[in-house]
Amino acid sequence: IIINFNCILKFIIIFNKIKGQEAGNIQVNVAFRHDELEKRTSELNGEEHRKDWPSASICIGYLTEEREYIQWLLNESSDIKELGNIILEYIDKYAFSFWEKYSTIQALIDGYKNQDIELTITGNSYVWSMAAAYWLKGEAENARQILEGWSQGRPSEEDINRAIEK
């Protein structure tokens, strides 16, 4: 994969123990972090910059055609090799195409505009990132228009005006 910006690609493996059992569920999230995008987003929304927070993170199951939450049971009778192979197949089939799909700032902007579930599943805060992406491209007017036109889940006028002033 050719990545066209300074981006960190991540897998986030989560193990959720099942209470009262020697078992748990494994969830695989696919994520990436674009440092400059996250810095600009923090500047716009007035939040503290979180150095390890991903720009996008999604359960790998939402990248499938079915777009459903997937987790795998791990218990004492699990075939670890088979389970590992299944998870690797998902990673091979879905993670790399996700990363490639959003490998440019313009691709991120297009994804935000189209409200692609891969970027917008966590709510409306992606609008801050879309404005920051325009800002990174040197398109301050587009960033301003995005913030001014924000309707669903819109933050306070004070927050929007503060961001526009920046």
Side-chain angles (χ1 to χ4, degrees), residues 1-16 25-71 87 90-91 93-166:
I1 293 178
I2 298 172
I3 302 297
N4 295 327
F5 55 74
N6 181 19
C7 189
I8 299 167
L9 311 177
K10 295 181 177 187
F11 296 110
I12 302 167
I13 311 293
I14 301 166
F15 179 76
N16 294 307
N25 292 303
I26 297 173
Q27 175 185 330
V28 175
N29 284 9
V30 181
F32 64 84
R33 177 183 171 76
H34 183 287
D35 284 330
E36 287 303 310
L37 179 65
E38 292 310 304
K39 286 176 189 173
R40 297 300 174 255
T41 300
S42 295
E43 288 176 28
L44 288 178
N45 67 20
E47 291 182 356
E48 185 177 329
H49 176 64
R50 295 182 258 176
K51 293 182 180 178
D52 293 328
W53 199 256
S55 299
S57 177
I58 189 166
C59 173
I60 202 164
Y62 291 117
L63 298 175
T64 68
E65 293 79 22
E66 296 81 19
R67 295 203 185 275
E68 60 188 14
Y69 178 78
I70 294 177
Q71 59 185 2
I87 292 171
Y90 272 81
I91 289 169
K93 187 169 183 182
Y94 300 106
F96 294 101
S97 59
F98 170 73
W99 289 327
E100 188 172 11
K101 182 177 181 179
Y102 299 112
S103 66
T104 66
I105 291 294
Q106 186 58 54
L108 283 170
I109 290 170
D110 293 342
Y112 294 137
K113 286 196 311 195
N114 295 330
Q115 295 183 335
D116 291 350
I117 190 173
E118 295 97 341
L119 299 175
T120 63
I121 195 167
T122 58
N124 298 310
S125 63
Y126 74 89
V127 178
W128 289 119
S129 297
M130 182 166 45
Y134 274 121
W135 188 18
L136 286 173
K137 284 190 68 184
E139 298 179 19
E141 181 58 25
N142 285 335
R144 185 186 61 74
Q145 288 176 3
I146 291 300
L147 293 173
E148 287 178 344
W150 190 345
S151 56
Q152 187 175 2
R154 183 183 173 93
S156 72
E157 261 332 285
E158 181 181 326
D159 288 344
I160 292 290
N161 289 334
R162 180 189 35 75
I164 289 171
E165 286 176 18
K166 287 184 178 187

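In what follows, every heavy atom counts, from backbone to side chain, and hydrogens, waters and symmetry copies are set aside.
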Next on the checklist: Going by the rule salt bridge (Lys or Arg N to Asp or Glu O under 4.0 Å), which residues pair with K113 if we only count those two or more places apart in sequence or in a different chain?
Outcome noted: none
Next on the checklist: Using the rule given for side chain to side chain contact (heavy atoms under 4.5 Å, CB included), can you reason through Q115 versus Y126, listing the C-alpha separation, both sets of side-chain angles and the distance that settles it, and then say yes or no?
Outcome noted: CA-CA 9 Å; Q115 295 183 335; Y126 74 89; 2.8 Å; yes
Checklist entry - Taking only residues two or more places apart in sequence, or in another chain, which ones meet A107 in a side-chain contact (heavy atoms from CB on, under 4.5 Å)? => result T104
Checklist entry - Is there a side chain to side chain contact (heavy atoms under 4.5 Å, CB included) between L44 and I164 once you walk through the steps? => result CA-CA 8 Å; L44 288 178; I164 289 171; over 6 Å; no
Checklist outcome for this item: Residues at least two apart in sequence or cross-chain that pass ring-ring contact (aromatic ring centres under 6.0 Å, His included) with Y62, listed by chain then number, are none
Checklist outcome for this item: Tightest non-hydrogen contact, residues I109 and M130, listed as O-SD, 4.3 Å
Checklist outcome for this item: Between N124 and G153, the two heavy atoms sitting closest are ND2-CA, 3.6 Å
Next on the checklist: My understanding is that only residues two or more places apart in sequence, or in another chain, count here; which of them pass side-chain hydrogen bond (donor to acceptor under 3.5 Å, both in side chains) with S156?
Outcome noted: D159
Item to check | Side chains of I12 and V28 in contact at under 4.5 Å (non-hydrogen atoms) | outcome: no
Item to check | Results of salt bridge (Lys or Arg N to Asp or Glu O under 4.0 Å) for E139 - residues two or more places apart only | outcome: K137
Item to check | Steps toward salt bridge (charged side-chain N to carboxylate O under 4.0 Å, His left out) verdict (E43, K39) | outcome: CA-CA 6 Å; E43 288 176 28; K39 286 176 189 173; over 6 Å; no
Item to check | Separation of I160 CD1 from E148 CD (nearest 0.5 Å) | outcome: 9.0 Å
Item to check | Side chain proximity check, F15 to I26, heavy atoms < 4.5 angstrom | outcome: yes
Next on the checklist: If the condition is side-chain contact (heavy atoms from CB on, under 4.5 Å), which residues does E165 pass it with, not counting sequence neighbours?
Outcome noted: none
Checklist entry - Between R162 and E158, is there a salt bridge with N-O shorter than 4.0 Å? => result no
Checklist entry - Is it true that R40 and E36 have a side-chain N and a carboxylate O under 4.0 angstrom from each other? => result yes
Checklist entry - Are more than 12 heavy atoms from other residues, nucleotides or ligands located less than 6.0 Å from atom CD of E141? => result yes
Next on the checklist: Return the CD1 to CD1 distance between I58 and I60, rounded to the nearest 0.5 Å.
Outcome noted: 10.0 Å
Checklist entry - Between S42 and E38, is there a donor-acceptor pair closer than 3.5 Å when you use the side chain of the first and the backbone of the second? => result yes
Next on the checklist: Would you compute the distance between atom CG of L136 and atom CG of L37 and round it to the nearest 0.5 angstrom?
Outcome noted: 6.0 Å
Checklist entry - If every non-hydrogen atom of A95 is compared with every non-hydrogen atom of F11, which pair is closest and at what distance? => result CB-CE2, 3.8 Å
Checklist entry - Just wondering, do L9 and F96 contact through their side chains at under 4.5 Å, heavy atoms? => result no
Item to check | Sequence-distant partners of Y90, side-chain hydrogen bond (donor to acceptor under 3.5 Å, both in side chains), two or more places apart | outcome: none
Checklist entry - With V127, which residues qualify under side-chain contact (heavy atoms from CB on, under 4.5 Å), at least two apart? => result I146, W150
Next on the checklist: Less than 6.0 angstrom separating the ring centers of Y94 and F98, yes or no?
Outcome noted: no
Item to check | Residue list, side-chain contact (heavy atoms from CB on, under 4.5 Å) with S129, at least two apart or on another chain | outcome: T41, Y112
Next on the checklist: Regarding D52 and R50, does a basic nitrogen lie under 4.0 Å from an acidic carboxylate oxygen?
Outcome noted: no
Checklist entry - Quick one: does W99's side chain have a donor or acceptor within less than 3.5 Å of a partner on V30's backbone? => result no
Checklist entry - Checking side chain to side chain contact (heavy atoms under 4.5 Å, CB included) for the pair L147/W128: CA distance, chi angles, key distance, verdict? => result CA-CA 8 Å; L147 293 173; W128 289 119; 3.8 Å; yes
Item to check | Side-chain donor or acceptor of S57 paired with backbone N/O of P54 under 3.5 Å | outcome: no
Item to check | Test salt bridge (Lys or Arg N to Asp or Glu O under 4.0 Å) applied to E157 - qualifying residues, sequence neighbours left out | outcome: R154
Checklist entry - Any side-chain heavy atom of I91 sitting closer than 4.5 Å to one from I87? => result yes
Checklist entry - Hey, are Q27 and N25 close enough side-chain-wise for a donor-acceptor pair under 3.5 Å? => result no
Checklist entry - Can you find a pair of side-chain heavy atoms, one from Y134 and one from I105, that are under 4.5 Å apart? => result no
Item to check | Pairwise side-chain contact, F32 with L108, heavy-atom cut-off 4.5 Å (strictly under) | outcome: yes
Item to check | For N45, side-chain hydrogen bond (donor to acceptor under 3.5 Å, both in side chains) partners two or more places apart | outcome: none
Item to check | Partner residues of K93 under the salt bridge (Lys or Arg N to Asp or Glu O under 4.0 Å) criterion, sequence neighbours left out | outcome: none
Checklist entry - Around E68, counting heavy atoms of other residues, nucleotides and ligands shown, do more than 12 lie under 6.0 Å from its CD? => result yes
Checklist entry - Do E118 and K101 sit within salt-bridge range, that is, some charged N less than 4.0 Å from a carboxylate O? => result yes
